[in-house]
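Inspection log for the structure reproduced underneath, given as structure tokens.
Keep in mind the model is a prediction, meaning the values are calculated, not measured.
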Amino acid sequence: MPITTISAGFIGILLLILSANVTKWRGRTKTSVGDGGNSDLLCAIRAQGNLVEYAPVLLILIGLMEYGHVSKYIVLAVAIMTVVGRYLHGWGLTRGQTPNMSRFVGTLLTFIALLVGSVAALLKGYGVI
């Protein structure tokens with residue numbers, strides 16, 4: 001099973017959804033650049049931007065671990081945490097600026113995926129696993 005390909009597909013769909021949300025808020029607020037002082041548009045922009053900031057590194061880690069034959073269970077765990085974490089964080093941000101459990105869990109899953117993926121890649125690179 002090509003875990004990297006499937007993960008990238010889910011992340012791509014999520015990026016389309018978050019980008020459409022930004023476009024929707026830009027149309028509603030008639031704002032072509034920036035957030036125009038609108039908190040809903042700001043949250044939509046940050047949800048999309050945050051995905052774009054984290055997803056590339058995580059997808060590269062997933063791909064390198066898969067290519068390097070790291071345990072498929074570790075690769076799958078990192079991929080699931082990445083996709084679910086980015087979804088929850090993006091969904092939570094579209095609910096407004098108030099901190100919420102969705103954003104918290106999404107951030108936590110993303111950080112755990114980043115840590116586990118990085119450590120696994122390092123250990124594989126040094127021949128420990």
Side-chain angles (χ1 to χ4, degrees):
M1 168 177 36
I3 297 170
T4 307
T5 304
I6 293 168
S7 301
F10 278 119
I11 294 294
I13 290 169
L14 181 56
L15 181 57
L16 281 171
I17 292 167
L18 294 175
S19 297
N21 193 42
V22 171
T23 301
K24 174 187 80 174
W25 280 106
R26 287 198 182 285
R28 283 184 182 176
T29 62
K30 298 179 179 25
T31 307
S32 63
V33 177
D35 62 28
N38 183 282
S39 64
D40 291 321
L41 176 54
L42 175 62
C43 287
I45 291 168
R46 284 311 312 141
Q48 178 197 38
N50 200 274
L51 175 68
V52 171
E53 292 162 5
Y54 282 95
V57 172
L58 285 159
L59 288 172
I60 289 168
L61 278 172
I62 293 165
L64 289 173
M65 287 189 302
E66 191 169 31
Y67 177 77
H69 304 290
V70 170
S71 165
K72 67 180 178 183
Y73 300 107
I74 294 173
V75 177
L76 188 58
V78 170
I80 289 170
M81 286 188 289
T82 296
V83 171
V84 172
R86 293 294 76 210
Y87 171 80
L88 288 173
H89 185 271
W91 186 74
L93 258 178
T94 63
R95 300 294 170 244
Q97 293 182 10
T98 305
N100 57 59
M101 189 57 71
S102 180
R103 282 178 59 194
F104 173 76
V105 172
T107 300
L108 184 62
L109 285 174
T110 300
F111 286 177
I112 292 170
L114 193 54
L115 177 64
V116 170
S118 297
V119 169
L122 285 169
L123 291 175
K124 185 65 177 183
Y126 282 106
V128 176
I129 59 172

Return a table of donor-acceptor pairs under 3.5 angstrom between the side chains of residues 121-129 and protein atoms on other chains or two or more places apart.
| from | atom 1 | to | atom 2 | distance (Å) |
| --- | --- | --- | --- | --- |
| Lys124 | NZ | Gly68 | O | 3.2 |

For [X] against [Y], the heavy-atom pair lying closest together:
X      : Y      : answer
Asn100 : Gly92  : ND2-O, 3.0 Å
Gly90  : Ala47  : O-CB, 3.9 Å
Ile74  : Ala120 : CG2-CB, 4.1 Å
Ser118 : Leu61  : OG-CD1, 3.6 Å
Ala113 : Thr82  : CB-OG1, 3.6 Å

Any side-chain heavy-atom pair from Ile45 and Arg26 closer than 4.5 angstrom?
yes
Thr110 versus Leu88: any side-chain heavy-atom pair under 4.5 Å?
no
How many angstroms lie between [atom1] in [X] and [atom2] in [Y], if you round to the nearest 0.5 Å?
X      : Y      : atom1 : atom2 : answer
Leu42  : Trp25  : CG    : CH2   : 12.0 Å
Leu108 : Ile112 : CG    : CD1   : 4.0 Å
Leu76  : Met81  : CG    : CE    : 10.0 Å
Ile11  : Ile62  : CD1   : CD1   : 7.5 Å
Ile3   : Ile6   : CD1   : CD1   : 7.5 Å

Please list, chain by chain and in numerical order, all residues satisfying side chain to side chain donor-acceptor pair (under 3.5 Å) with Arg46, sequence neighbours excluded.
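Listed in chain order: Glu53.
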For residues [X] and [Y]: do they belong to one hydrophobic cluster (side chain heavy atoms under 4.5 Å, members Ile, Leu, Val, Met, Phe, Trp, Tyr)?
X      : Y      : value
Val105 : Leu58  : no
Leu114 : Leu59  : no
Phe104 : Ile80  : yes
Leu93  : Leu51  : no
Val119 : Val116 : yes

Please report, to 0.1 Å, the donor-acceptor pairs under 3.5 Å made by any side chain of residues 17-24, with sequence neighbours excluded.
| from | atom 1 | to | atom 2 | distance (Å) |
| --- | --- | --- | --- | --- |
| Ser19 | OG | Leu15 | O | 2.7 |
| Ser19 | OG | Gln48 | NE2 | 2.8 |
| Asn21 | OD1 | Lys24 | NZ | 3.2 |
| Thr23 | OG1 | Ser19 | O | 3.1 |

Can you list the residues that meet the side chain to side chain contact (heavy atoms under 4.5 Å, CB included) rule with Phe111, with sequence neighbours excluded?
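Tyr54, Thr107.
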Could I get the full list of side chain to side chain contact (heavy atoms under 4.5 Å, CB included) partners for Tyr87, not counting sequence neighbours?
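Checked Tyr87 against side chain to side chain contact (heavy atoms under 4.5 Å, CB included); matches are Leu14, Trp91.
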Is there a donor-acceptor contact under 3.5 Å linking the side chains of Ser39 and Gln97?
no
Residue pairs fulfilling salt bridge (Lys or Arg N to Asp or Glu O under 4.0 Å) with at least one residue in residues 73-89, sequence neighbours excluded
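Qualifying pairs: none.
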